[in-house]
Protein chains: 2
Amino acid sequence: MGTTTQPDAVPEPKYWHLKTVLSDALDSEFEVGEILPNERDLAARFGVARATLRQALEQLELEGRLQRRRGVGTTVAPPRFGVDVGAGVHVWPGAPDDAWQTGECEETVPPRAVAALLDAAADGDEVHSVRRTRMTHGQPVATELLYVPRSSVPGLPAETLEEPSGGSARGRAVLRELWRLELQGQERTVELGSARADDARQLDRLPGAPVLVVTTRYVAQGTTVAVGVSTYRADTCRLTFADRMPEPQAAAAESTPSERERAHGGRHRTGARLSRR
Amino acid sequence: MGTTTQPDAVPEPKYWHLKTVLSDALDSEFEVGEILPNERDLAARFGVARATLRQALEQLELEGRLQRRRGVGTTVAPPRFGVDVGAGVHVWPGAPDDAWQTGECEETVPPRAVAALLDAAADGDEVHSVRRTRMTHGQPVATELLYVPRSSVPGLPAETLEEPSGGSARGRAVLRELWRLELQGQERTVELGSARADDARQLDRLPGAPVLVVTTRYVAQGTTVAVGVSTYRADTCRLTFADRMPEPQAAAAESTPSERERAHGGRHRTGARLSRR
DNA sequence: TCCTCCGATTGGTCTTGACCAACTCTTATG
DNA sequence: CATAAGAGTTGGTCAAGACCAATCGGAGGA
């Protein structure tokens, strides 16, 4: 019972089939930013329960194809934008308005996992910490917590800590400006996580939203002098890492910033099958 | 209504509260590999509908804390293991049995997104492609598709293509051995995706399972000569990137391979509150 | 003109109940 | 003793319905 009408080999889940149908429709019949019919209508139109429809929508949202907001509706999300995370050169076109916003410095006890990475801090020790937020395309895409054990920066006047550079800067630049740390290198890990309540609020997402957690270990003099934990919105970001990339000649200029090709194909025609009414 | 008994500020969703309760229980009362009570029991025990319980379990599975298998049960997952992805040195303890398994070379039309990255292939062109699988800790953690346009390796005897190195090797090593390509550098992007049916099968997961998609762009002579698309299980893997990391003296030897600390704290006591019966 | 309030709309949460599919273990059978 | 057939267990899918919470827009009042 479907449109493909296979013999009946493996009964594909309804929501899975629904997802592919919607996905195709998204490509062919909708514009970015366009608003879909509401869930109750869609469910009725496909002859499924709302829960089933929602299962498909959830998948699509996870893939960054949709954006849902309570009280508003479900809209077609723009393609993910590349967010440079590596230490190397910018290669993928970065957003023109990509900027970090640095908060105030505090004294906190870092999470256990962070403490384990810091050579100079025992479990339970308080360390300096700064919260930062990364804005791109007019929206927050990441929050970061930077942890610097006191012993990494002994005898630093509190003044310096209260007055950060105030503007955009890469993590290592902040470490230099705030604490005059000169780094030798860094090491990063990326993993999937779900947003904690505080991070979710800053990212304008609901708690539990999928995020990419980037843990950076800053190294100087052979020891880990700082650790940064960045939380990126997984639905809108594609992290890019470049290590000693020679500037590509032609390929780099192939398209303008924001509107990059999507992960697995993506065109934007127009039509009117699923459109309103 | 809850255990925390806040005044009643923001009514925390039930499944969210449930998730934290379960998460704590996982830390304090269960061993890795232990099997939880079944969903119907758990739901009854917490006085919620099974659907609600499942919402909490889904979150925990997404975070890599649980593993669920139909017909078997829900088990406590081991901590994520770090999987080295960068071009640099191994720093995080890699698994002793980490190995790539290279398949046969075929001729395929790469997905549009890949073609867009390949300088030497127009949309629709066939290119060489090799499927590879990465095994770690006795299970498949990633599948990869390597795309090499013919013009990158003109006039290569088919023999070479049919007989890969047969064993473990990093991506660039494969490119060298298979096609004698010497690379200048590479660039990677990481994004969240959901497993396609074929990848899911290879990863022993259900279609739609969350994966980390690593797209690697191999560069030689200033052009992109190959593109690799790796699909990592997001629930079991933590990708690590190291660029010119100086070997840390003490910190590197702090713990033995597999059993690393978990992302946000994690100890393993024993108890018996939720345990069977 | 500006503001506030209220109601309609939309996605988010939760319940109950049912059946399906993968798996394990027991039991019957050769 | 090995194998096959069932039965029972467990997670996966689906339905139908109810209510909650965020949002937006218009009506009404200052």
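Below, read A as the first sequence line, B as the second, and so on, with proteins coming before strands; counting in each chain starts at 1. Note that these values count all heavy atoms, side chains included, but never hydrogens, waters or copies made by symmetry.
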Discussion item. Could you check whether A/R233 pairs with A/D199 (Lys NZ or Arg NE/NH1/NH2 to Asp/Glu carboxylate O, under 4.0 Å)?
Written reply: no
Worksheet item: What is the distance, rounded to the nearest whole Å, between atom CD of A/Q67 and atom C1' of C/dG12?
Response: 15 Å
Worksheet, complete the sentence: Between CG of B/L18 and C1' of C/dT13 the distance, given in whole Å, is 13 Å
Worksheet entry | Value in whole Å for how far the P atom of C/dC20 lies from CD of A/E12 | 19 Å
Response to the item:
Rounded to whole Å, the CG-C1' distance (A/D41 to C/dA8) equals 14 Å
Worksheet item: Counting only side-chain N and O atoms of A/Y15, is one of them less than 4.0 Å from OP1 or OP2 of D/dC14?
Response: no
Fill in: Salt-bridge present (B/R205, B/D235; N to O < 4.0 Å)
yes
Worksheet entry | Atom-to-atom span, CD of B/E39 to P of C/dC19 - whole angstrom | 19 Å
Fill in: Residues in salt bridge (charged side-chain N to carboxylate O under 4.0 Å, His left out) contact with A/E39, at least two apart in sequence or another chain
A/R50, A/R54, A/R68
Worksheet, complete the sentence: Side-chain contact check for B/R50: nearest option of D/dA16, C/dT13, C/dA18 is C/dA18
Discussion item. Regarding B/S129 and B/T108, do their side chains bring together a donor and an acceptor under 3.5 Å, going by distance alone?
Written reply: yes
Discussion item. Measure CG/B/N38 against P/C/dA22 and give the value in whole Å, please.
Written reply: 19 Å
Item to complete: Would you please test B/S23 and B/R65 for side-chain hydrogen bond (donor to acceptor under 3.5 Å, both in side chains) and show each step?
Response: CA-CA 8 Å; B/S23 181; B/R65 316 264 335 241; 2.9 Å; yes
Worksheet item: Side chain of B/R40: nearest nucleotide among D/dA15, D/dG11, C/dC14?
Response: D/dG11
Practice prompt. Would you mind checking if B/D198 and B/R201 are paired as a salt bridge, meaning a charged N to carboxylate O distance below 4.0 Å?
Written response: no
Practice prompt. Using whole Å, report how far CG of A/L206 lies from P of D/dC20.
Written response: 19 Å
Discussion item. Using OP1 and OP2 only, check whether a side-chain N or O of A/T52 sits under 4.0 Å from D/dA15.
Written reply: yes
Worksheet entry | For DNA chain D, the residues among residues 68-75 of chain B that have a non-hydrogen atom under 4.0 Å from it | B/R68, B/R69, B/R70, B/G71, B/V72, B/G73, B/T74
Discussion item. Can you tell whether the side chains of B/E144 and B/R134 come within less than 4.0 Å, N to carboxylate O?
Written reply: no
Item to complete: Name the closest nucleotide to the B/K14 side chain, picking from C/dG11, C/dT13, C/dT15.
Response: C/dT15
